[in-house]
Chemist: 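Below are the structure tokens for one structure; questions will follow.
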Protein chains: 2
Amino acid sequence: MFCGKIIVRNFANMNFKMQIDPITDEQKKLARYAKAMGHPVRAYVLDLLANQSCCYSGDLTEVLPIAKSTLSQHLKELKDAGLIQGQTEAPKIKYCVNKENWEEAQKLFKKHLGL
Amino acid sequence: MFCGKIIVRNFANMNFKMQIDPITDEQKKLARYAKAMGHPVRAYVLDLLANQSCCYSGDLTEVLPIAKSTLSQHLKELKDAGLIQGQTEAPKIKYCVNKENWEEAQKLFKKHLGL
DNA sequence: CTTGTTGTTCGTAGTTTTGCGAAATACGAA
DNA sequence: TTCGTATTTCGCAAAACTACGAACAACAAG
């Protein structure tokens with residue numbers, strides 16, 4: 001998603017295209033992570049994976065009141081945001097937090113929430 | 001939004017309705033706050049109000065590359081989530097963080113992100 | 001009371017999210 | 001290879017989100 005102002009100025013026969021976006025990359029990243037956490041199911045899953053350990057999709061389906069396919073989409077959402085990762089242990093898939101990005105998220109929230 | 005399992009059991013001629021929801025209230029609150037922060041514009045506004053001071057809607061419109069009406073909706077979203085509040089200084093409206101809820105959000109993120 | 005300034009609300013449009021069940025996929029085991 | 005298990009992908013529908021401009025509301029100032 002684009003969130004910037006495009007300003008075009010002409011000097012003589014030169015063309016300048018300058019994008020002035022008051023929203024920083026950090027704020028955009030923060031928003032991306034926040035969005036991923038912005039659903040009860042996903043907040044629950046993250047909580048579980050962060051404070052505890054890895055788990056299988058099936059473990060979650062047993063506990064959560066949603067269809068398997070719906071859970072799968074939430075996991076995909078978290079994966080796309082970079083907060084978790086899944087490794088195949090056929091026929092299961094073990095999900096864990098993506099340490100690197102999780103730490104980045106921690107840093108961002110810490111900074112922007114003034115913690 | 002409901003995220004729980006409804007389990008109904010019958011004992012003799014008594015009816016039990018029990019809601020078993022693995023997702024805690026804290027996780028739901030966290031998700032609510034995170035959702036509100038989950039857009040670049042809103043992340044920007046929160047950053048501004050939290051790290052700096054209050055500001056008027058007009059101040060933001062000058063800087064942000066979105067229509068007034070769109071900004072107004074984002075501010076409403078933040079207000080509905082409880083993260084900011086607005087007080088009339090006619091004909092302007094001054095927006096500030098809602099201190100009480102902001103602190104709750106800080107606490108929740110701190111706890112659930114393991115900070 | 002009229003005007004100008006500041007924001008919100010409304011109507012509309014297109015996109016994304018959320019959710020489900022059914023079908024498809026992946027893969028070890030028999 | 002065929003079967004069973006675990007999970008994803010597909011197709012669909014309803015709801016929510018994002019965004020805009022036009023119209024409206026609030027109110028101080030003249």
Side-chain angles (χ1 to χ4, degrees), chain A residues 1-6 21-23 27-28 31-46 49 54-81 83-96, chain B residues 1-6 21-23 27-28 31-46 49 54-81 83-96:
Chain A
M1 173 201 336
F2 173 67
C3 268
K5 216 166 221 161
I6 301 232
D21 192 344
I23 304 175
Q27 286 161 346
K28 287 177 191 170
R32 183 74 187 84
Y33 286 134
K35 188 182 174 188
M37 300 173 32
H39 187 286
V41 166
R42 298 197 292 264
Y44 171 86
V45 172
L46 278 178
L49 295 185
C54 302
C55 74
Y56 300 101
S57 181
D59 301 339
L60 297 168
T61 331
E62 279 181 15
V63 176
L64 291 169
I66 54 173
K68 285 186 291 185
S69 56
T70 305
L71 173 64
S72 187
Q73 284 181 60
H74 284 302
L75 293 174
K76 182 180 185 323
E77 189 69 33
L78 288 173
K79 209 163 50 179
D80 289 348
L83 288 172
I84 68 171
Q85 59 195 140
Q87 48 195 317
T88 304
E89 287 187 9
K92 297 185 179 183
I93 295 177
K94 190 166 80 176
Y95 282 101
C96 316
Chain B
M1 176 199 337
F2 173 66
C3 269
K5 216 165 223 162
I6 300 232
D21 191 344
I23 303 175
Q27 286 161 345
K28 287 177 191 169
R32 183 73 186 85
Y33 287 134
K35 188 180 173 188
M37 299 173 34
H39 186 287
V41 166
R42 297 197 293 265
Y44 171 85
V45 172
L46 278 177
L49 295 186
C54 303
C55 74
Y56 299 102
S57 182
D59 301 338
L60 296 170
T61 330
E62 279 182 14
V63 176
L64 290 168
I66 55 172
K68 285 188 297 185
S69 55
T70 306
L71 174 64
S72 186
Q73 282 180 60
H74 283 302
L75 293 174
K76 183 180 186 319
E77 189 68 34
L78 288 172
K79 209 163 52 180
D80 289 347
L83 288 173
I84 69 171
Q85 60 195 150
Q87 48 193 316
T88 303
E89 288 188 7
K92 298 185 179 183
I93 296 177
K94 189 166 81 176
Y95 282 100
C96 315

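Every chain is numbered from 1, with letters handed out A, B, ... down the list of sequences.
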Chemist: Within the pair A:Y95 and D:dA6, is there a side-chain N or O less than 4.0 Å away from OP1 or OP2?
Modeler: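 Checking A:Y95 against D:dA6: no side-chain N or O falls below 4.0 Å of OP1 or OP2.
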Chemist: Can you tell me which nucleotide in D:dT7, C:dT18, C:dT9 comes closest to the side chain of B:S72?
Modeler: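 My answer, after comparing the listed nucleotides, is C:dT9.
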Chemist: To the nearest angstrom, how far is A:K94 atom NZ from D:dT5 atom P?
Modeler: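 Those two atoms, NZ and P, are 22 Å apart.
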Chemist: Can you check the B:L78 CG to D:dC17 P distance for me, whole Å?
Modeler: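 About 13 Å, once rounded to whole Å.
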Chemist: Ignoring the backbone of B:Q73, work out which of C:dG7, D:dT18, D:dC10 is nearest its side chain.
Modeler: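 Looking only at heavy atoms from C-beta outward on B:Q73, the closest nucleotide is D:dT18.
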Chemist: To the nearest Å, give me how far apart NE2 (B:H39) and C1' (C:dT15) are.
Modeler: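 Roughly 12 Å, once rounded to whole Å.
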Chemist: Nearest whole Å is fine: how far is D:dA16 C1' from B:R42 CZ?
Modeler: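 It works out to 12 Å between those atoms.
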Chemist: Can you measure B:E77 atom CD to D:dT18 atom P for me and round it to whole angstrom units?
Modeler: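 These atoms are roughly 7 Å apart.
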Chemist: Can you tell me how far CG of A:L49 sits from SG of A:C55, rounded to the nearest 0.5 angstrom?
Modeler: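 The SG atom of A:C55 sits 4.5 Å away from the CG atom of A:L49.
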Chemist: Assign B:S57 to base, sugar-phosphate, or nothing according to its heavy-atom contacts below 4.0 angstrom with the strands shown.
Modeler: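 Here B:S57 touches the backbone only, sparing every base.
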Chemist: Taking CD from B:Q87 and P from D:dC27, how many angstroms apart are they, rounded to a whole number?
Modeler: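 Distance, rounded to whole Å: 15 Å.
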Chemist: Step by step, work out the salt bridge (Lys or Arg N to Asp or Glu O under 4.0 Å) result for A:D59 and A:K92.
Modeler: CA-CA 10 Å; A:D59 301 339; A:K92 297 185 179 183; 5.4 Å; no
Chemist: For DNA chain C, whose closest nucleotide is more 5', that of A:P91 or that of A:A67?
Modeler: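 Result: A:A67.
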Chemist: Side-chain N or O of B:T70 less than 4.0 angstrom from OP1 or OP2 on D:dT18?
Modeler: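 The answer is no; no side-chain N or O of B:T70 sits under 4.0 Å from OP1 or OP2.
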Chemist: Atom OG in B:S57, atom CG in B:L75: separation rounded to 0.5 Å?
Modeler: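 Going from OG on B:S57 over to CG on B:L75, the span is 5.5 Å.
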Chemist: Which nucleotide sits closest to the side chain of B:K35: D:dC17, D:dA6, D:dC20?
Modeler: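 So the nucleotide nearest the side chain must be D:dC17.
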Chemist: Go nucleotide by nucleotide along DNA chain D from the 5' end; which of A:K92 and A:K76 gets its closest nucleotide reached first?
Modeler: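 Nearest-nucleotide comparison on DNA chain D picks A:K92.
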Chemist: Rounding to a whole Å, what distance do you find between B:L60:CG and C:dT6:P?
Modeler: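 Between P of C:dT6 and CG of B:L60: 14 Å.
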Chemist: Quick check: any donor-acceptor pair below 3.5 Å linking the side-chain of B:S69 to the base of D:dG21?
Modeler: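 It does, because a donor-acceptor pair links the side chain of B:S69 to the base of D:dG21 below 3.5 Å.
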Chemist: Given C:dT17, is OP1 or OP2 found less than 4.0 Å from the side-chain N or O atoms of A:H74?
Modeler: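 Result: no.
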Chemist: Just the rounded figure in Å: distance from C1' of D:dT18 to CG of B:L71.
Modeler: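 Checked: the CG to C1' distance equals 13 Å.
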Chemist: Between atom CE of B:M37 and atom CZ of B:R42, what is the distance when rounded to the nearest 0.5 Å?
Modeler: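 If I round to the nearest 0.5 Å, the distance is 10.5 Å.
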Chemist: For a quick check of understanding: with a heavy-atom distance under 4.0 Å over all strands, which category does B:K68 fall into, base, sugar-phosphate or nothing?
Modeler: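 Result for B:K68 = base.
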Chemist: Evaluate salt bridge (Lys or Arg N to Asp or Glu O under 4.0 Å) for A:K35 paired with A:D80, printing each intermediate quantity in order.
Modeler: CA-CA 11 Å; A:K35 188 182 174 188; A:D80 289 348; over 6 Å; no
